[in-house]
Amino acid sequence: MQMLSLKASGGQDQTPKAQVESSSSIPMVVLKVFFPSCCSSAESGLLVGHWIPEQNSAVILAVVHFPFIPVQVKQYLSEVRQVTQVNVSVLGTWSNCKKKEESLSEFLEDLGTIFSHEPWIQLCKETDSKFWSCSIIQKHPSTPKEDEIILVYYDQRKVMLSHLHPPGNLTNSTDHKAEDASKLAILFDTVAKSKVLFMKDRYDDGPIKLTHWQSEGVEASIIVELMKQASIPVCMLLTFLLSFVSSVCKSRVLKFWPLCFIWSKLSTCEQLGHRLEHLQVISSNRKAQNQPQLMRKANIFVSLLADVALGILLMSWLYRKNRIGHLADTLIPVADHVAKELQDLLQWLMGVPAGLKMNRALDQVLGRFFLYHIHLWISYIHLMSPFIEMILWYVGLSACLGLTVALSILSDIIALLTFHIYCFYVYGARLYCLKIYGLSSLWRLFRGKKWNVLRQRVDSCSYDLDQLFIGTLLFTILLFLLPTTALYYLVFTLLRLLVVVVQGLIHLLVDLIDSLPLYSILLRLCRSYRLAAGVKFRVLEQKTGKPLRLLMQINPLSYGSVVQTYRLPTYSCYPKDSWGSLCKKLFLGELIYPWKHKGEKQD
Amino acid sequence: MEEREDCIALQCRQYSASCREFSVRCQPVQLRSLSAATCSVWLAAYWLFVLTQNSMVLSAAIFITLIGLIVYLHFVKIDQESLLVIASLGIQMTSSYASGKENTTFIEMSRVKDVVINEAIYMQKVIYYLCILLRDPLDPQSVSEVVPLFQ
């Protein structure tokens with residue numbers, strides 16, 4: 001052990017230029033033996049496992065004890081090879097005895113001639129010592145140098161159950177074979193595929209006695225088995241119900257023009273459709289093919305359960321103490337209050353808003369037009385007021401379908417209540433947009449140019465005198481009427497943006513609940529070895545002359561990568577307009593649609 | 001990489017011919033700086049309390065101090081970094097924080113292309129740092145990632 005202390009003054013964080021005496025630089029062949037920690041106390045016997053020649057490493061899977069008949073052992077191993085597709089064979093001998101016995105060591109060497117394997121590994125452990133000795137016998141040594149041996153202990157059960165997540169996107173390429181595949185992936189794969197080998201425990205009355213992590217007895221849980229049996233008829237029932245519901249939804253009755261337009265605009269229908277899809281995924285009869293699909297199914301199931309639980313909680317809170325009645329009672333006064341505020345705003349605009357002088361006539365026309373609209377809207381709300389409580393009561397019941405559905409209904413209610421703001425925004429925007437286009441076209445006429453639609457560019461054009469005269473007149477009129485329209489447009493756009501922001505926040509929350517992989521996060525919390533980002537090694541006590549001992553533990557994935565890898569896909573895509581194009585659209589008066597759903601045709 | 005006025009210690013251990021460990025340890029948390037930070041935060045909070053006569057300021061200051069200390073010890077202050085090199089298995093980098101948390105990354109030998117000393121311009125000076133070049137799985141010649149050691 002060498003110790004070097006550096007006092008670097010001046011605060012430079014340079015790497016120290018230290019001279020460490022180097023050992024011999026002859027490239028040595030290193031042989032790695034992966035030994036399961038559960039077999040450390042096993043009695044003497046044969047080592048059974050998988051030899052990986054490209055990486056010069058041996059993965060020990062189990063220990064076969066005396067007495068055994070070699071022919072039966074070979075037969076059993078060939079059966080296992082066929083079932084698991086893993087090249088399992090006898091790799092060497094293992095002896096665990098009080099002190100070295102000559103006869104035993106001779107016997108073990110003789111076994112090497114019966115089960116020939118190149119190289120033949122002999123592990124010896126004395127009962128009261130921590131350090132093992134390991135020797136390799138090679139019949140035809142390819143290199144005359146001495147091999148160095150590294151013993152790596154691993155926890156068999158954890159490695160078998162764990163799923164390795166390689167960094168980057170190595171999983172995407174499927175045509176990379178063994179040379180690029182990581183060694184760890186091969187190790188994990190080997191142990192995971194050898195499940196059949198671990199089915200035999202020591203209470204089985206067979207000719208072969210094995211030791212591995214399950215040799216004390218195969219573990220199973222009654223609840224899990226019962227649930228597995230019960231899930232098949234439940235899945236079939238659910239599939240039948242869902243097919244019925246989806247056929248009703250797809251029926252022609254609901255496809256008529258006004259109805260299908262309304263369905264596409266309401267976010268509740270989108271959310272319900274999304275949940276229906278999820279249920280279909282869960283209740284399908286096909287087993288999950290591989291790990292990502294299994295995790296996806298589990299995530300959907302747990303997130304659906306959590307959603308429904310939160311929804312029922314919300315519902316019980318709402319219906320206790322008749323809170324929903326209070327809510328319905330305050331809805332009409334709130335709508336009235338909003339309308340009154342809008343009327344005040346319009347009166348302000350019709351006067352002298354912020355000290356600006358507006359064009360009197362246009363101002364009055366626009367102001368009266370919008371005031372009449374508000375009057376109509378308030379009349380309709382008052383017409384509906386007796387029924388509001390009942391509607392709200394029944395709609396509140398649908399919160400039991402999930403918190404996300406309740407939030408979507410809230411967002412839809414906000415959209416319906418502020419429908420007049422949306423209408424005003426559209427009127428103001430269209431008027432402003434028309435004005436801007438007119439102005440730009442007449443400005444080109446002013447300069448003697450014209451927009452060529454065929455060539456999509458501006459060309460010069462000679463106008464007649466009367467065309468120029470009328471054009472200039474119209475240009476002046478539009479220009480001087482611009483501030484009034486612009487102000488109305490600005491005010492209503494700001495209001496509309498406010499409503500959009502509130503709705504956007506609700507949608508964000510719904511998306512979050514939809515896409516969060518709750519099952520994966522819980523798994524990472526409770527059984528962190530199931531999701532592995534890699535491994536970590538710890539060096540155990542050493543003794544010179546004995547092989548290097550390392551302990552391999554599973555390095556779990558960080559929470560951020562768990563969420564990123566297992567996120568569930570959602571149905572809405574976020575605003576595609578960048579800030580620049582949004583500002584441009586606002587300036588030109590084009591209508592902005594804040595969110596587009598996947599599958600909707602672009603406008 | 002932050003500047004340190006005090007010393008950092010390097011320790012090399014050789015476990016066997018094919019396994020070496022290098023660990024870099026830096027100064028542990030000083031009582032002096034800790035008490036200075038706490039006192040200044042609490043003095044500021046007391047001054048605010050005298051101004052506003054609101055006792056929430058004091059409890060907020062206590063919360064901030066506690067949470068700030070926990071965050072600093074758990075996420076910021078690195079106590080020791082070590083590099084374990086095992087021949088033909090790979091390279092393992094461990095950082096242990098002052099609160100005892102350990103962050104480990106293991107890079108397999110097949111992914112390592114080379115270990116080099118790289119130089120970078122930081123503010124007004126040039127610093128040298130040791131880093132590992134990783135191999136790109138699609139193109140064996142090019143470098144996919146540069147992993148700096150001993151941050």
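Everything numeric in this text was worked out from a predicted model, so none of it was measured. The sequence lines fix the lettering, A, B, ..., with proteins before strands; numbering per chain opens at 1.
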Proximity breakdown for A/Val535 and chain B, heavy-atom pairs closer than 4.5 Å: both

Okay, side chain of A/Lys536, backbone of B/Met93: is any donor-acceptor separation there less than 3.5 Å? no

Before you tell me yes or no, could you show the steps for B/Leu89 and A/Leu550 under side-chain contact (heavy atoms from CB on, under 4.5 Å), namely the whole-Å CA-CA distance, both residues' side-chain angles and the distance that decides it to 0.1 Å? CA-CA 11 Å; B/Leu89 260 184; A/Leu550 298 171; 4.0 Å; yes

What's the spacing between B/Phe106 CZ and A/Met552 CE if we round to 0.5 Å? 9.0 Å

B/Thr104 backbone acceptor or donor facing A/Asn555 side chain under 3.5 Å: yes

Neighbour count above 12 (heavy atom, 6.0 Å) for A/Tyr559 OH: yes

What is the minimum heavy-atom distance between B/Leu84 and A/Phe537, and which atoms define it? CD2-O, 4.1 Å

Using a cut-off of 6.0 Å, state whether more than 12 heavy atoms not belonging to B/Ile121 lie near its atom CD1. no

